Amino acid sequence: MSDPQPSVASLDTIVSLAKRRGFVFPSSEIYGGINAVWDYGPLGVELKKNVKNAWWRAMVQERDDIVGLDAGILMHPQVWVTSGHVASFSDPLVECAENSHRYRLDELPGTENLTETDKRDPAISERLNLKCPQDGSKLGPPRRFNLMFKTFMGPVEEDANVIYLRPETAQGSYVNFKNVQQSTRKKLPFGIAQIGKSFRNEISPGNFVFRMREFEQMEMQYFVRPDDAARIFEEWLPRRWNWYRDYGVTETRLRFREHAPDELAHYAKKAIDVEYLFPFGWKELEGIHNRGDFDLSRHQQESGQNLEYFDPATNEAFIPWIVETAGGPDRAAFTFLIDAYREEEVRGETRVSLALHPQLAPYKVAVLPLLKKRPEIVDLCQKLLGDLRRDTMAVYDDTASIGKLYRRQDEIGTPWCVTVDVDSLEDNAVTVRDRDTMTQERVPVEGVKRLILDRLAASLA
Ligand code: GAP
C-alpha cells in the first residue's frame with residue numbers, strides 16, 4: 001500500500017478558503033492581527049458548534065455513565081500548584097545570541113528526533129550546532145518556559161493576587177469530582193465531560209488554528225477503579241478513533257502514537273495520541289491518558305478534603321484513577337475541514353467542494369431560485385426557507401446564476417441545494433441536488449423538508 005498523503009498539499013489552500021468564505025479570520029486584523037489568536041466567522045462558528053454538538057452527543061447524550069460540567073476558566077491559584085502546572089507545565093525555550101529571538105527548541109529544523117532528556121540538555125544547541133533561523137547567530141541552552149497566562153484577581157496588582165487562565169479544562173472536573181459524584185449518585189466507572197476555553201502562552205504557535213494561544217478543549221475525565229484503569233484506557237482508544245472516522249476523517253490519515261516514557265506529561269502513566277496527517281506532517285489530534293491517581297491524590301493532600309470514593313459493594317474507600325480523553329474543537333474542526341477538501345475537474349472547470357459530514361456542515365440546505373426576477377419563484381423559495389429554518393440551518397442565495405450558486409454551496413460544504421424553477425409553479429415540485437454526487441431529483445414541495453431531515457438523521461447511523 002502506498003504511503004498516505006495529506007488531503008491538501010499546502011495549508012495555504014485551506015487558510016485562503018477559510019478567510020474567503022468566512023470560516024476563520026485573523027483576530028484584530030485591522031490592527032495587524034495578534035499572533036495565534038483566530039476569530040471564527042459566520043460559517044466557522046457553525047462548523048465548530050456542530051463539532052462540539054457531535055462530541056457532546058457521543059460522550060454525554062448517548063451514554064449513561066458520563067455527565068457534563070462547565071467549570072470556570074479562573075480557578076483558585078492553588079489548583080495549578082497542586083496539579084503540577086506551576087512547576088512543570090513548560091516547553092524548552094532557546095534564545096539567539098544576536099537579537100534575542102526566541103524559539104521552542106523542538107520546533108527548530110533538525111530537532112525532530114530529540115528525546116525529552118535531550119530537550120533538557122544544556123549543551124544541546126551546541127551539540128546540534130543550532131542557529132537562529134532569522135539571523136544565523138548561535139542559540140543558547142534551553143530554558144523551561146511556563147505556558148500559563150497570568151493575570152490579577154481584584155483591583156490590586158500584586159503577587160498575592162496572581163491567578164492563571166486555565167491551560168486545561170481537566171482540573172475543573174477534578175476539583176468538582178465529589179460535587180458531581182454526590183449530586184448524580186454515579187457509581188464507578190463514570191465520567192465528567194467539559195467543553196470550554198483554555199489558554200497557553202505557546203512559544204511557537206502556528207499552522208493556523210492548529211496551535212493557538214486561546215483555544216477550546218473537549219475533555220472527558222473517566223473515574224475508574226485502579227485495577228480497571230489499564231483495560232478501560234484501551235477501550236477508549238477505538239472509541240475516540242471511530243468518532244473521527246464516523247464524522248468523515250479518512251482512516252489512512254489517522255494513526256495512534258504512544259508517548260515514550262520520557263515524553264509523558266508530568267501527570268501521565270501512559271499516553272497514546274490519535275494523530276492526523278496534516279499538510280505539515282503527523283501531529284496530535286487528541287490524547288488519551290492514564291493519569292493514575294495523580295490528580296485526585298494531590299488535590300486531597302493539598303486541600304485537606306477527602307476525595308475518596310466509597311464503594312458500597314466492596315465496602316472499600318479509595319482514590320479513583322482517571323482515564324482522560326483530551327481533544328479540542330478547533331483542532332477537530334480544522335481536521336474535518338482539511339480532510340473534506342476536494343478538487344475535481346467538471347466540464348473543464350475545477351470544482352472545489354467540502355465533503356463535510358452533513359451533521360458538521362454549516363448549512364444543511366440552500367434554497368435557490370432559478371429566476372430571481374419571477375416574484376412567484378422567490379415567494380415559493382421564501383416559503384420553503386421559512387419552513388426549513390424551523391428545524392435546521394438553511395440559507396437563501398440569488399446573487400448569481402444557478403451554476404455559480406451550486407459551486408458556492410459546494411465550496412462551503414452544503415450537502416443539499418433545493419432549486420425552485422418555472423415548472424415548480426405548475427407541478428408544485430422542486431429539484432434537490434446532492435453535493436457529492438451532483439445528482440438531481442424532483443421532489444414535491446411538501447415533501448422537501450421531510451426528505452432533508454430524514455437524510456440528515458440517516459447520516460448519524
Ligand atoms: N488535559 C490534558 C491536556 O490538556 P493536551 O494534549 O495538552 O492534553 C489536549 O491537550 C487537546 O487540546 C489537544 O489534543 C488539542 O486538541 C487541544 N489543544 C491543546 N493545545 C492547543 C493549542 N495550543 N491550540 C489548539 N488546540 C490545542
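Note that the coordinates shown come from a computational prediction; the quantities given were computed from them, not determined experimentally. Counting starts at 1 for both ligands and their atoms, in listed order.
When only modelled atom types and interatomic distance are considered, Arg408 and Thr399 share a side-chain donor-acceptor pair under 3.5 Å. Side-chain contact of Glu251 with Trp241: a donor-acceptor pair under 3.5 Å is present, judged by distance alone. Side-chain contact of Asp339 with Tyr276: a donor-acceptor pair under 3.5 Å is present, judged by distance alone.
Neither the backbone nor the side chain of Phe334 has a heavy atom within less than 4.0 Å of ligand 1. The residue Arg213 has no part lying near ligand 1, judged by heavy-atom distances below 4.0 Å.
Ionic pairing of Asp118 and Arg127 is present here: one or more N-O contacts between side-chain nitrogen and carboxylate oxygen are shorter than 4.0 angstrom. Using a 4.0 Å cut-off between a side-chain N of Lys or Arg and a carboxylate O of Asp or Glu, Glu302 and Arg298 do not qualify as a salt bridge. Glu411 has no carboxylate O lying under 4.0 Å from a charged side-chain N of Arg407, or vice versa, which leaves the two without a salt bridge.
Listed by atom number, the atoms of ligand 1 under 4.0 Å from Glu324 heavy atoms are 1 (N), 2 (C). Proximity to Phe210 (heavy-atom distance under 4.0 Å) selects the following atoms of ligand 1: 24 (N), 25 (C), 26 (N). Close contacts between ligand 1 and Tyr267 involve ligand atoms 2 (C), 3 (C), 8 (O) [criterion: under 4.0 Å to a heavy atom]. Each of the atoms 22 (C), 23 (N), 24 (N) of ligand 1 lies under 4.0 Å from some heavy atom of Arg211.
Geometrically, Lys48 engages Tyr40 in a cation-pi contact, judged by NZ or CZ lying under 6.0 Å from the ring centre and within 45° of the ring axis. Geometrically, Arg213 does not engage Phe199 in a cation-pi contact, judged by NZ or CZ lying under 6.0 Å from the ring centre and within 45° of the ring axis.
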Donor-acceptor contacts under 3.5 Å from residues 164-172 side chains, at least two apart:
from   : atom 1 : to     : atom 2 : distance (Å)
Arg166 : NE     : Lys197 : O      : 2.6
Arg166 : NH1    : Ala71  : O      : 3.2
Arg166 : NH1    : Gly72  : O      : 3.4
Arg166 : NH2    : Lys197 : O      : 3.0
Glu168 : OE1    : Arg291 : NH1    : 3.4
Glu168 : OE2    : Gln171 : NE2    : 2.8
Glu168 : OE2    : Arg291 : NH2    : 3.4
Thr169 : OG1    : Glu219 : OE1    : 2.7
Gln171 : OE1    : His299 : NE2    : 2.7
Gln171 : NE2    : Asp295 : OD1    : 3.4

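The residue among Arg291, Arg200, Glu168, Lys283 with a heavy atom at the shortest distance from atom 7 (O) of ligand 1 is Arg200. The heavy atom nearest to atom 1 (N) of ligand 1, out of those in Glu286, His85, Glu219, His259, is found in Glu219.
Distance from atom 16 (O) of ligand 1 to its nearest protein heavy atom, with residue and atom name: Gly328 N, 3.1 Å. Given atom 10 (O) of ligand 1, the protein heavy atom at minimum distance is Gln217 NE2, 3.3 Å. Of the protein's non-hydrogen atoms, Glu284 OE2, 2.8 Å is the one closest to atom 6 (O) of ligand 1. The nearest heavy-atom contact from the protein to atom 8 (O) of ligand 1 is His289 CE1, 3.6 Å. In this structure, atom 11 (C) of ligand 1 lies nearest to the protein heavy atom Ala326 O, 3.6 Å. Summary of contacts: the protein heavy atom closest to atom 18 (N) of ligand 1 is Phe215 CE1, 3.5 Å.
On a distance-only criterion, Glu216 and ligand 1 share no N/O pair closer than 3.5 Å. Ligand 1 has no N or O atom lying under 3.5 Å from any N or O atom of Pro167, backbone or side chain. In terms of polar-atom proximity, defined here as any N/O pair under 3.5 Å, Met212 does make such a contact with ligand 1. Of the N or O atoms in Leu285, one or more lie within a sub-3.5 Å distance of an N or O in ligand 1.
Counting heavy atoms of neighbouring residues, nucleotides and ligands inside a 6.0 Å radius, atom CG of Asp227 exceeds 12 of them.
Using 4.0 Å as the threshold, Met218 has no heavy atom nearer than that to any atom of ligand 1.
Taking CE of Met75 as the reference point, atom OG of Ser83 lies at 9.0 Å (rounded to 0.5 Å).
Across all non-hydrogen atoms, the minimal contact from His357 to Tyr247 is CB-O, 3.7 Å.
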